Amino acid sequence: MKEKIMFLLADSIGLDGSLPDADADPVKKYEMDSVMILDFVIRIEDEYGIDFQNFSELSNHMSTVEEMVDYMMGMIEGGSH
């Protein structure tokens with residue numbers, strides 16, 4: 001699941017076929033803005049059938065790509081909305 005989420009993130013930030021650096025700051029390294037974040041969340045919702053509404057909480061978990069992906073995995077596995 002983690003790799004799939006990494007690929008969804010890569011698509012959202014415009015990486016062509018490569019995965020983002022897990023240790024990178026997604027905002028600083030990949031210039032991830034609110035539109036990209038929304039695109040990523042929509043991709044997660046579509047892929048996993050969840051309704052994610054914790055945008056402000058997600059912003060607290062974006063110091064690295066890995067932290068962001070792990071947070072999203074927790075939302076998917078926990079079924080939290």
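In what follows, residues are counted from 1 in the order of the sequence shown. Computed from a predicted model, the values in this text were never measured in an experiment.
- Residues satisfying the side chain to side chain contact (heavy atoms under 4.5 Å, CB included) criterion with Tyr71, sequence neighbours excluded, are Phe52, Asn54, Glu57, Leu58, His61, Met75.
- One finds the CE atom of Met72 at 7.5 Å from the CD atom of Glu45 (value rounded to the nearest 0.5 Å).
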Audit row: Lys4, Tyr48, side-chain contact (heavy atoms from CB on, under 4.5 Å) steps and yes/no: CA-CA 11 Å; Lys4 178 64 177 175; Tyr48 294 99; 3.3 Å; yes

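- Residues meeting the side chain to side chain contact (heavy atoms under 4.5 Å, CB included) test with Asp23, sequence neighbours left out: Asp21, Glu66.
- Ser12 and Met36 make their closest contact through O-CG, 3.6 Å (heavy atoms, listed as atom of the first residue, atom of the second, distance).
- Residue Leu8 is tested with Val69, Val41, Ile44, Asp39 for a side-chain contact (heavy atoms from CB on, under 4.5 Å); the sole match is Ile44.
- Looking at every heavy atom in both residues, Leu9 comes nearest to Met32 through CD1-CE, 3.4 Å.
- In this structure, CG in Asp25 is found 10.0 Å from CD in Glu67, a value given to the nearest 0.5 Å.
- Shown here are the side chain to side chain contact (heavy atoms under 4.5 Å, CB included) partners of Leu15, two or more places apart in sequence or in another chain: Ala10, Ile13, Ser18, Pro20, Tyr30.
- Distance check, rounded to the nearest 0.5 Å: CG of Leu38 to CG of Asp33 gives 10.0 Å.
- Distance CD/Glu47 to CD1/Ile76: 8.5 Å, rounded to 0.5 Å.
- The distance from the CD1 atom of Ile42 to the CD1 atom of Ile37 is 12.0 Å, given to the nearest 0.5 Å.
- In plain terms, the two heavy atoms of Lys2 and Asp70 that are nearest each other are NZ-OD1, 2.8 Å.
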